[in-house]
Amino acid sequence: MGKHKPIYTPHVDTGRLIIVVNTAKLKVSGRKLEQREYDYYTYYPGGHGKAALKDLLGQEAEHGV
């Protein structure tokens, strides 16, 4: 949570980021590639959709995580 930081405030997210390397080698168990779906919206009319994890990892691996 960053309580040791001088900018710590309980009601503010101070921006801890996680960087994942080698997402192309991601392994999931079971049928999660087909069953796990993610919603997206492109901010255009009719731009709401769903994509399976398999499709996201196939296009660009960074977007699947």
Side-chain angles (χ1 to χ4, degrees):
M1 290 183 52
K3 292 183 179 181
H4 62 282
K5 292 183 178 182
I7 60 170
Y8 173 73
T9 308
H11 65 281
V12 176
D13 181 21
T14 56
R16 283 264 170 137
L17 299 177
I18 298 172
I19 298 173
V20 179
V21 182
N22 293 334
T23 56
K25 298 179 183 179
L26 180 71
K27 294 182 182 179
V28 293
S29 61
R31 296 180 53 201
K32 290 179 187 162
L33 283 175
E34 294 86 20
Q35 290 180 345
R36 184 158 297 179
E37 290 185 339
Y38 294 95
D39 292 334
Y40 64 89
Y41 187 68
T42 61
Y43 298 105
Y44 286 100
H48 181 78
K50 291 185 180 184
L53 180 60
K54 176 176 61 173
D55 299 333
L56 292 175
L57 290 177
Q59 295 171 355
E60 293 185 27
E62 298 89 30
H63 296 294
V65 175

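Note that CD of E37 and CG of D55 are 9.5 Å apart. Values are rounded to the nearest 0.5 Å.
Residues D39 and K50 approach most closely at OD1-CG, 3.0 Å, considering heavy atoms.
The side chain to side chain contact (heavy atoms under 4.5 Å, CB included) test applied to E34 returns R31, K54, not counting sequence neighbours. Taking the side chain to side chain contact (heavy atoms under 4.5 Å, CB included) definition, one finds that K27 meets it with nothing, sequence neighbours left out. Residues satisfying the side chain to side chain contact (heavy atoms under 4.5 Å, CB included) test with T42, not counting sequence neighbours, are Y40, Y44.
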